[in-house]
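I have placed the structure first, in the form of structure tokens, so that the comments after it can refer back to it.
In what follows, chains carry the letters A, B, and so on, assigned in the order in which the sequence lines appear, proteins first and then strands, with residues in each chain numbered from 1.
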2 protein chains.
Amino acid sequence: MAVTIRMIAEKAGVSRGTVDRALNNRPGVNAEVAAHVRRIAKELNYEPNAVAKALAISKRKLRIDILLNSGQNPFFEKVRRGIQNGMREIRSYGITVETFELTGFSVEEQLQKIDELMQNPPNALVITPINDHRVIDRLNQIAAEDIAVVTLNMDVTGLAKLCFIGCDYVRSGQTAAELLGQITLGDISVGILTGSAHILGHQQRVNGFSQVCEQDYPRIHVRAVAETEDDNEIGYRVTKEMLENHSLDALYFCAGGIDGGIRAVKECGLEKKLKIITVDDTDNIKAYIESGIVNATVCQQPMKQGHDAVTITTDWLLHEKRPSRKHLYTQNEVKLRYNLD
Amino acid sequence: MAVTIRMIAEKAGVSRGTVDRALNNRPGVNAEVAAHVRRIAKELNYEPNAVAKALAISKRKLRIDILLNSGQNPFFEKVRRGIQNGMREIRSYGITVETFELTGFSVEEQLQKIDELMQNPPNALVITPINDHRVIDRLNQIAAEDIAVVTLNMDVTGLAKLCFIGCDYVRSGQTAAELLGQITLGDISVGILTGSAHILGHQQRVNGFSQVCEQDYPRIHVRAVAETEDDNEIGYRVTKEMLENHSLDALYFCAGGIDGGIRAVKECGLEKKLKIITVDDTDNIKAYIESGIVNATVCQQPMKQGHDAVTITTDWLLHEKRPSRKHLYTQNEVKLRYNLD
DNA sequence: CTGAAAGCGCTTACAG
DNA sequence: CTGAAAGCGCTTACAG
């Protein structure tokens with residue numbers, strides 16, 4: 001038989017309202033009474049009933065805003081689907097979730113959109129923050145106003161966030177290097193196509209990749225690194241340039257613009273010769289894997305990222321439940337032809 | 001503003017009790033009244049509030065029994081942890097979850113334990129069923145008594161189950177073969193260490209593996225298949241025999257008894273020479289990967305299996321919500337040194 | 001500072 | 001067959 005506030009109230013000789021106030025540290029309770037109630041709750045091993053709490057709290061009309069720099073990036077389709085799933089799961093909680101999207105990584109645009117959202121402040125803000133001190137400062141202000149801030153897919157340091165939800169980018173790069181090491185023999189020249197040095201995750205993937213090459217596979221030599229700015233046209237151009245100027249055995253695509261890059265590979269007639277490792281599993285990448293152009297891809301559970309962003313934020317708003325860790329890393333999933341789905 | 005039964009009741013000119021009875025197909029409502037109520041609910045786009053429903057239903061005292069053939073198998077530790085997580089999540093629903101464990105795969109023992117549990121029948125039974133017609137017949141009887149049956153980690157055909165939760169074993173074997181294909185060149189001789197031909201999943205892994213070898217990598221030749229019966233001593237013995245009788249380049253361990261098998265590999269001094277693919281990521285297997293003895297392992301999200309067994313069964317008991325598919329396959333996760341955790 | 005009462009949206013004995 | 005009322009376990013205006 002589970003312990004309820006009614007039992008605590010009886011044992012403490014106070015009303016249920018007072019128990020509620022004491023246990024939830026609400027103001028206006030005599031300190032001694034509160035202490036007494038808390039002691040009894042502890043003795044009885046009281047665990048609040050989350051369902052009842054959620055039902056009662058549904059009167060509060062809480063709101064979560066989600067701001068994604070998703071742009072044209074097909075990767076974010078799955079994040080969006082995860083968000084939808086999460087919303088369906090919390091439908092009965094009376095919490096409103098609104099999603100806003102930006103294209104590109106302009107600091108000004110992100111700041112402006114944040115200000116716009118703050119005209120009508122939500123109870124929590126989930127965001128893919130740009131790694132810039134102005135953004136970080138602004139978000140810290142928001143966090144100070146008792147609005148929970150959750151970073152999704154992209155992280156920044158020095159922010160008083162509830163948590164980060166996304167992949168461990170260093171590990172992602174390391175895993176890609178290890179894969180390449182296992183599927184090759186002898187001296188190998190590799191080129192890296194990253195997104196932007198200004199995006200922390202991209203940088204971390206490059207670093208993780210390079211580090212494992214040096215440390216575990218010194219026969220693998222990183223000959224060139226170029227930036228696609230997550231754009232297919234630029235991706236095409238820089239990949240083409242790279243392939244024309246270097247004799248490479250392998251490519252590591254660790255950001256957006258992969259479709260452009262693959263087009264360049266095909267144009268150079270190198271799709272049979274090159275070993276290629278990518279990130280994520282958009283429909284196009286799945287097709288490349290099925291046709292053997294790409295050997296493997298390292299994914300990051302985008303649906304889970306979207307889903308967890310909603311449910312973890314909800315758990316915080318309803319139950320003040322902090323996630324188990326500050327950084328909730330999703331699995332770096334290695335996908336090949338036969339475990340694609 | 002979400003639609004509630006109160007609104008439907010007002011619009012239909014009946015009481016909330018009657019609305020509840022009509023919408024939930026409970027007996028004792030005039031057919032015309034019921035139809036009217038349902039039409040209005042549909043018009044208003046009514047979605048029941050799951051939280052309120054759960055709170056009200058918590059009076060029912062529902063129970064889920066879980067019967068695992070977990071034996072000594074360290075793999076099941078994670079399944080158990082997943083079950084614990086699921087239980088924590090549904091704590092407020094007033095549903096009791098009890099777990100029972102068997103060692104080995106004796107049909108008689110499983111049948112006997114089932115009978116024992118049915119002395120005090122639960123509302124749902126989650127089970128790792130042995131693939132035997134007597135077990136299947138018994139479980140079908142149980143399902144006919146309005147007890148939801150969920151198969152976990154092991155599946156059988158011809159059972160009126162709510163769903164199966166576990167991996168796609170064929171894909172698991174295919175993925176292992178593809179991995180081996182990618183990390184090798186030229187003619188390769190491989191030996192397979194499986195558990196038992198009587199366990200459907202083991203058989204499916206062998207089949208998936210062999211099929212991809214033949215179809216995609218004809219240079220890979222399966223030279224020997226032996227059964228460990230999921231036991232380390234037998235695993236040691238049959239692996240040793242296999243290595244003494246065949247000149248192999250690679251091994252595929254697709255069931256329990258891996259620790260024994262690896263001991264044999266080491267004793268033969270072949271840990272540097274052989275490419276080895278395993279399944280699952282017990283602590284020992286992680287250690288083999290870190291030390292380079294095992295190249296990669298194909299895992300099946302054991303925590304998720306345990307967790308989902310609890311939450312999906314709960315969703316059925318509380319909301320009659322059927323899972324989206326009859327077979328809920330977990331990801332076949334390829335793990336290497338740098339994406340192990 | 002505290003209690004009594006109403007409320008969140010369902011379900012369910014009970015009386016008629 | 002139907003309705004009024006109590007209940008699930010919390011939260012919260014309101015009155016004192």
Check the distance between C:dT2's C1' and A:R21's CZ and give it to me in whole angstrom.
6 Å
Once you apply the 3.5 Å cut-off to both distances, tell me the Watson-Crick or G-U wobble partner of D:dA4, or none.
none
Sugar-phosphate, base or nothing in reach of A:Y93, heavy atoms under 4.0 Å:
nothing
Between C:dC1 (C1') and A:H36 (NE2): distance, integer Å
17 Å
Pairwise 5' ranking along DNA chain D for B:V29 and B:A56, keeping only the more 5' one:
B:V29
D:dA4 phosphate, OP1 or OP2, under 4.0 Å from B:S15 side-chain N/O:
no
A:T128 (side chain) donor-acceptor with A:N69 (main chain) under 3.5 angstrom:
yes
Using a strict cut-off of less than 4.0 Å between a Lys/Arg side-chain nitrogen and an Asp/Glu carboxylate oxygen, indicate whether A:E77 and A:R80 qualify as a salt bridge.
no
What does A:V14 touch in the nucleic acid at a heavy-atom separation under 4.0 angstrom: a base, only the sugar-phosphate, or nothing?
sugar-phosphate
Give one of base, sugar-phosphate or nothing for A:R26, where a contact means two heavy atoms less than 4.0 Å apart.
sugar-phosphate
What is the distance, to the nearest angstrom, from the CD1 atom on A:I57 to the C1' atom on C:dG7?
14 Å
Applying a 4.0 Å non-hydrogen cut-off, can you work out what A:V33 is touching in the nucleic acid: base, sugar-phosphate, or nothing?
sugar-phosphate
Among C:dG3, D:dT2, C:dG9, which nucleotide has an atom closest to any side-chain atom of B:T4?
C:dG9
Could you tell me whether A:K59 contacts a base, only the sugar-phosphate backbone, or nothing, with contacts defined as non-hydrogen atoms closer than 4.0 Å?
base
Nucleotide nearest B:N30 when distance is taken to its side chain, options C:dT12, D:dC10, D:dC1
D:dC1
C:dA13 - base-pair partner by Watson-Crick or wobble geometry, distances under 3.5 Å:
none
Is it true that A:E43 and A:R39 make a salt bridge, defined as a side-chain N closer than 4.0 Å to a carboxylate O?
yes
Output the single nucleotide from D:dG3, D:dC10, C:dC8 whose closest atom is nearest the side chain of A:S58.
C:dC8
Does a side-chain N or O of B:R60 approach OP1 or OP2 of C:dT12 to a distance below 4.0 Å, or not?
yes
Side chains of A:Q84 and A:R81: any donor to acceptor distance under 3.5 Å?
no
For atom OH of A:Y46 and atom P of D:dG9, their distance in whole Å:
10 Å
Assuming nearest nucleotide by heavy-atom distance, tell me which of A:A31 and A:R16 is located more 5' along DNA chain C.
A:A31
Any donor and acceptor pair, going by atom type alone, linking the side chain of B:Q110 with main-chain N or O of B:I130 inside 3.5 Å?
yes
What integer distance in Å separates A:L23:CG from D:dC10:P?
9 Å
Whole-Å distance, B:M7 CE to C:dC8 C1', equals 13 Å
Rounded distance (Å) that lies between atom P of D:dG9 and atom CG of B:L55
7 Å
Starting from P on C:dG7, measure out to CG on B:N49 and report it in whole angstrom.
17 Å
For atom NZ of B:K304, is the number of surrounding heavy atoms from other residues, nucleotides or ligands below 6.0 Å larger than 12?
no
